[in-house]
Amino acid sequence: MRILLSNDDGYFSPGLEALAAALAPYGEVTVVAPERDRSGASNSLTLDRPLMLRRAPNGFWFVNGTPSDCVHLAVTGMLEIAPDIVVSGINLGANMGDDTIYSGTVAAAMEGYLLGVPAIAISLVSKNPQSFVTAAWVAARLVERASSVPLGRLLLNVNVPDLPLAELKGIQVTRLGRRHKAEAVIRSTNPRGETVYWVGPAGKAADAGEGTDFYAVENGYVSVTPLQIDLTDYGSMTMVAKWLAQPASSGRGEIYGPV
Ligand code: MN
């Protein structure tokens, strides 16, 4: 099995090392990851400068770009044969609910999926090094399964609770929960006396009910959410059409002309 690994925490991340070690027995592993931490990069591609592919002493490749750049470059240019699976992670922090919109970990997997390769994004909900073993074990089980039972064209978002392996309750297929809106930016002052801002923490879980990723992880289960790309809000299409067709009371804002 040809396995392409990436992440958004950077090629030096201990989560990526743990993943590469855990998946080595299941095939030929190639690692292509960003040269620095690009968490929160989402699905961005670098279009305004060239990308360079360089190799670290441990054999990992690293790129001066985003997680999406790494997988895009690997699948469409670097690898002679397309990978059978793309695995992204192990991210050191959860990617649940609305996090998936911003996540570079999910984006790296999604890039593989968009290019026709089955893909798994895997995140540990903490930075606890003792739980890397748990997340790496889960990744290995999923890839092992994908090698014997083809995954098909799927994109799986996996979150692993911060638990020792022996305490994992099992695995649940879930839907994404929702978070409350994000906390405000944090204003600070730099050493030159200028005002600077830090993006604040994500909101707390809002929809964390049974069936969600939040709920599964909270209860000691590995959460596996199949993701899709289509963001269309089908249920609102009729409402939007009506809104556009309505005559504006002021006579202004008419964008449709008579049909
Ligand atoms: Mn990250």
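We count ligands from 1, going down the list as the structure has it; atoms in each ligand are counted the same way. Hydrogens, waters and symmetry mates are skipped; everything else that's a heavy atom, side chains included, is used.
- The ring pair (Phe, Tyr, Trp, His ring centres under 6.0 Å) pairs that include a residue from residues 55-85 are Tyr11-Phe62, where partners are two or more places apart or lie in different chains.
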Let me see the working for Val222 and Leu168 under side chain to side chain contact (heavy atoms under 4.5 Å, CB included), right down to the final yes or no. CA-CA 8 Å; Val222 173; Leu168 265 193; 3.8 Å; yes
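- Scored by the ring pair (Phe, Tyr, Trp, His ring centres under 6.0 Å) test, Phe214 finds no partners at all (sequence neighbours excluded).
- Every residue two or more places apart in sequence or in another chain that forms a salt bridge (Lys or Arg N to Asp or Glu O under 4.0 Å) with Glu144 is listed here: Arg141.
- A donor-acceptor contact shorter than 3.5 Å is absent between the side chain of Asp9 and the backbone of Gly89.
- Protein N/O/S atoms found under 2.8 Å from the Mn ion (ligand 1), listed by chain and residue number: Asp8 OD1, Asp9 OD1, Ser39 OG, Asn91 OD1.
- Checked by atom type and distance alone, the side chain of Ser103 pairs as donor or acceptor with a backbone atom of Thr105 at under 3.5 Å.
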